Amino acid sequence: MNERRQPYPFDVIEPKWQALWDERRQFHAPNPGEPGFDPAQPKYYVLDMFPYPSGAGLHVGHPEGYTATDIVARYRRFRGDNVLHPMGWDAFGLPAEQYAIRTGQHPEVTTRENIARFKKQLKRIGFSYDWEREITTTSPDYFRWTQWIFLQIYHSWFNPETRKAEPISTYQGADPDSVRLAYVAEVAVNWCPELGTVLANEEVIDGKSEVGGFPVVRRPMRQWMLRITAFAERLIDELEPLAWPVGIKLLQRNWIGKSEGAEVQFALPASAERIAVFTTRPDTLYGATYMVLAPENPLVDRLTSAAQRQAVADYRAEISAKSDLERTDLARDKSGVFIGAHAINPASGEQIPIWIADYVLMGYGTGAIMGVPAHDERDLEFAQKFALKIIEVVQPPNDTPATGFIGDGVAINSPLIDGLTTPEAKRRITDWLEEKGLGRRTINYKLRDWLFSRQRYWGEPFPIIWRDGKHEALPDSELPLIPPALDDFKPTGTGEPPLARAPDWVRYSEAATRELNTMPQWAGSCWYYLRYCDPTNADRFISQEAERYWMNVDLYVGGTEHAVLHLLYARFWHKVLFDLGHLTTNEPFQRLVNQGIILGEDGRKMSKRWGNVIDPLDVIEDYGADAFRCYEMFMGPLEQMKPWSMTGVEGVSRFLARVWRLVMEENQAGEWLLSDALAEVEPNRAQLRVMHATIKKVTADIEALSFNTAIAQMMIFVNAFTTVETVPVAALRTLLVVLNPFAPHLASELWESLGKKFPLSPPEITDQPWPEFQAEFLVEDEVEIALQVNGKVRDRVQVPIVVTKEELEALARANPRVREFIAGLTVRKVVVIPKKLVNVVAT
RNA sequence: GCCGAUGUGGCGAAAUGGCAGACGCAACGGACUUAAAAUCCGUUGGGCUUAACGGCCCGUGCCGGUUCGAGUCCGGCCAUCGGUACCA
């Protein structure tokens, strides 16, 4: 590999320019008020999803999105924008902690080493980040404000009147703790014994931990929760105007899972107790022949009859012993137990049996359902298994059988609403329920409150203390709250977090102890885009001035894996901070783009297991950073999944070498000298045309993030100039500017070399304006017209651009090839598309 | 099951409803070279036909529709990938 003759000396010029850029602070974006800040220039904030600095280093997937944003950033700078293009590290997280547990090396050390490696790799690719704005979520200067934001959330509640977060002091009720946006609850959590921690629902895949793939079981624990559900409606509504891929919007909407329906109260014959159920089909109320409670529902204890007590206890034990894995794996086989009690169907007045079954979830709705077997697949399965009564209450529109029909039809066997269509029936029966005080319209969400605490060491400690069994906020003056030094990072095994191993730290005062949990990894990434705007501010998380100037993020590029969680959490925090008056925008990310996954050369997902992982530095070693960048963009559309190809890299590398040789030629001694073919001559007409076509296409393609076609156009440019005897310097300069965002080292170097013989002021390529194409050079004197008969091309002719439609038609009719094909037919119609084709329709 | 995305040469791909396959890879042929590498030039969707120039037919997952004209728009399928899963 290393014997390969270099197509051009990228190994010399790339480090040279990278050092120069650093030295000149070339990519530093001054904030309002700083020297060099020009308020007349528009701002552009282009953001990458910052990486978790893992031990493995970058793979070729990371730089895909990073290259795209870098091209946009460099392009916008040419356009004169004040560009904010930062990078940082999402450095809290499980791998460093696991490594610490295995080796005893403090996570901070591991993290520092990994960051150094990542940063070196990113710099070697030549990204134009403003490194003066680098942030690390594990740095106390940073997480101080993560803790501060948590306290803002803790000190707030969601006022349903204003639909906004407000300071808790505006809450009039008796128990503020019951409405705080950050609260403590005893919840059934996903406990992972292996990791010794709870996990968010989102971190559990198929009953196993996302990290490590260990089994996860349900277990009740006292946890910190964030009341994201209060924002469900706004998280859906305010998504609408954003320039995000429709697929991602849909994913978020589905995740939030809004469904409209009614809550219906079922009375019990023998007690004053009532059971509420949520249904989206109140029109099927007459068909409710039984009721099911979630096994965990607390009502079960009160309602179960003596005779059924043992059976119920056995069933509940069986359920709780099942891990989530088993629950999901055990197909859809319905199970359940009758609890020996009955409820009264409020519409029919019938007594219906109450069961418990694990297909009813405690976490959704009221943890109880009405069973309508005729019109719900799951209920039908359950009723058939346990021989429960089935009543048809919806007539399907066609002849399909009513039982098992779940769509809209006409109500039957339902005295109050018979004959009404499903939407009308829903309306009518709900009105009736509301009148009688038996129910009400309501909306339910799949979204659950965010389980926000973890039993880990390597995370932000909560700025919370406990006194007399009650939580209290630390004052802002005690931030940052730094975790204690430990040398054993293992969880204690009882569910007590590792922080419990530092008793001195835990003891806050005689009467108070610190919270032992830490925040999840998501916390730091919920607001990092804000901190970049003002990364060293010691007084505020972001100054108002910086926030007003830089926000929102104009372009955010990252992987789909964050389509739901990160983006939802960040939007939630942003809205809280907005409501509290700390921000001026209610959404953080204006335009979002997901880059596609890069597969291995074998078409499989890159992984150690397949041995198909590509290391960017290996590629750069052989072909240079510019070739690496250009290949990543030339592979195909940014958002598409596509396989890596080394020969493809070689092709792009050849292209760059051809650019190099347009300017430089090698002498006998193997030195690169300025080419003799260069001259300050006016490009000819054909050259001007390709030059302006290139300006036009590259500009439009960068705006559209269609980088592969932009590169193809530059290849066309270079092909057109490769064979000419005299290379016009002006055309070359234009190429170098539009190429610069893609291959900045090469373009900068050639620009400089060119300047030695053909000086230009100012001399730096980065001081050039972005070229504007001139339409007059794109027009051609002649165009080729396709002559079709009945849609098939029969001939092509060159015609002057100025011919009229009538002339074109006449020309087509007169064409011998056309005549040959219409011989004996009648011409019905002639379609003339100027500059394209003539279609003679004949039958 | 549901939701979403994608199906175009040997491969990555391109194409405001208007000449399908730009650009690149691979392959083949040629030039340069003692030779190779590098570089440069050319050919390259399939089939049929012609001594040759050339000509004809087919072709964008499948079936149908709209249109003078469909890779592109509409309807119905199929396949692959991704997400999600008892959410009442």
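Labels below follow one simple rule: chain letters A, B, ... track the order of the sequence lines, proteins then strands, and each chain is numbered from 1. Bear in mind the structure is a predicted one, so any value in this text is a computation, not a measurement.
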Note, A:His692 side chain near A:Ile695 side chain (heavy atom, < 4.5 Å): yes

Close side-chain approach of A:Phe773 and A:Thr699, heavy atoms under 4.5 Å: no

Candidates B:rC40, B:rC86, B:rC23 - which lies nearest the side chain of A:Ala712: B:rC23

Below 4.0 Å: OP1/OP2 of B:rC3 and any side-chain N or O of A:Arg253: no

Base-pairing mate for B:rG21 - Watson-Crick or G-U, with both contacts under 3.5 Å: none

A:Arg817 vs B:rC56: side-chain N/O to OP1/OP2 distance below 4.0 Å: yes

Salt-bridge contact A:Glu809-A:Lys805 (side-chain N to carboxylate O under 4.0 Å): no

Sugar-phosphate, base or nothing in reach of A:Ile833, heavy atoms under 4.0 Å: base

Heavy atoms of other groups near A:Glu820 CD, more than 12 under 6.0 Å: yes

Between B:rU44 and B:rA38 - C1' atom distance, rounded Å: 23 Å

Assigned glycosidic conformation for B:rG9 [threshold 90° from 0]: syn

Integer angstrom distance from the C1' of B:rC63 to that of B:rG47: 24 Å

A:Pro637 vs A:Ile369, nearer the 5' end of RNA chain B by closest nucleotide: A:Pro637

Presence of A:Arg654 side-chain N/O under 4.0 Å of B:rA38 phosphate oxygens OP1/OP2: no

Minimum-distance nucleotide to A:Lys642 side chain [options: B:rC40, B:rG12, B:rC57]: B:rG12

Nucleotide paired to B:rC56 in any strand shown, Watson-Crick or G-U, under 3.5 Å: B:rG47

Contact under 4.0 Å: A:Asn708 side-chain N or O vs B:rA14 OP1/OP2: yes

N or O in side chain of A:Arg661 less than 4.0 angstrom from B:rA38 OP1/OP2: no

Pairwise P distance, B:rU60 and B:rG45 [rounded to whole Å]: 16 Å

Side-chain N or O of A:Ser259 closer than 4.0 Å to phosphate OP1/OP2 of B:rA88: yes

Complementary nucleotide of B:rG82, counting Watson-Crick and G-U pairs under 3.5 Å: B:rC3

Given RNA chain B, 5'-ward residue of the pair A:Gly648 and A:Asn790, judged by closest heavy atom: A:Gly648

Touch class at under 4.0 angstrom, heavy-atom based, for A:Val793 against every strand present: sugar-phosphate

Touch class at under 4.0 angstrom, heavy-atom based, for A:Met370 against every strand present: nothing

Counter-base of B:rU16, judged by Watson-Crick or G-U geometry with both distances under 3.5 Å: none

Presence of A:Asn254 side-chain N/O under 4.0 Å of B:rA85 phosphate oxygens OP1/OP2: no

Touch class at under 4.0 angstrom, heavy-atom based, for A:Tyr631 against every strand present: nothing

A:Glu725 atom CD, neighbour heavy-atom count above 12 within 6.0 Å: no

Side-chain N,O (A:Lys829) to OP1/OP2 (B:rC68) below 4.0 Å: yes

A:Trp672, A:Trp660, A:Phe655 screened by ring-ring contact (aromatic ring centres under 6.0 Å, His included) with A:Tyr8, the one that passes: A:Trp660

Pair assignment for B:rA37, Watson-Crick or G-U wobble, requiring both distances under 3.5 Å: none

Sugar-phosphate only, base, or nothing, as touched by A:Thr560 at under 4.0 Å among non-hydrogen atoms: nothing

B:rA13 OP1/OP2 closer than 4.0 Å to side-chain N/O of A:Gln640: yes

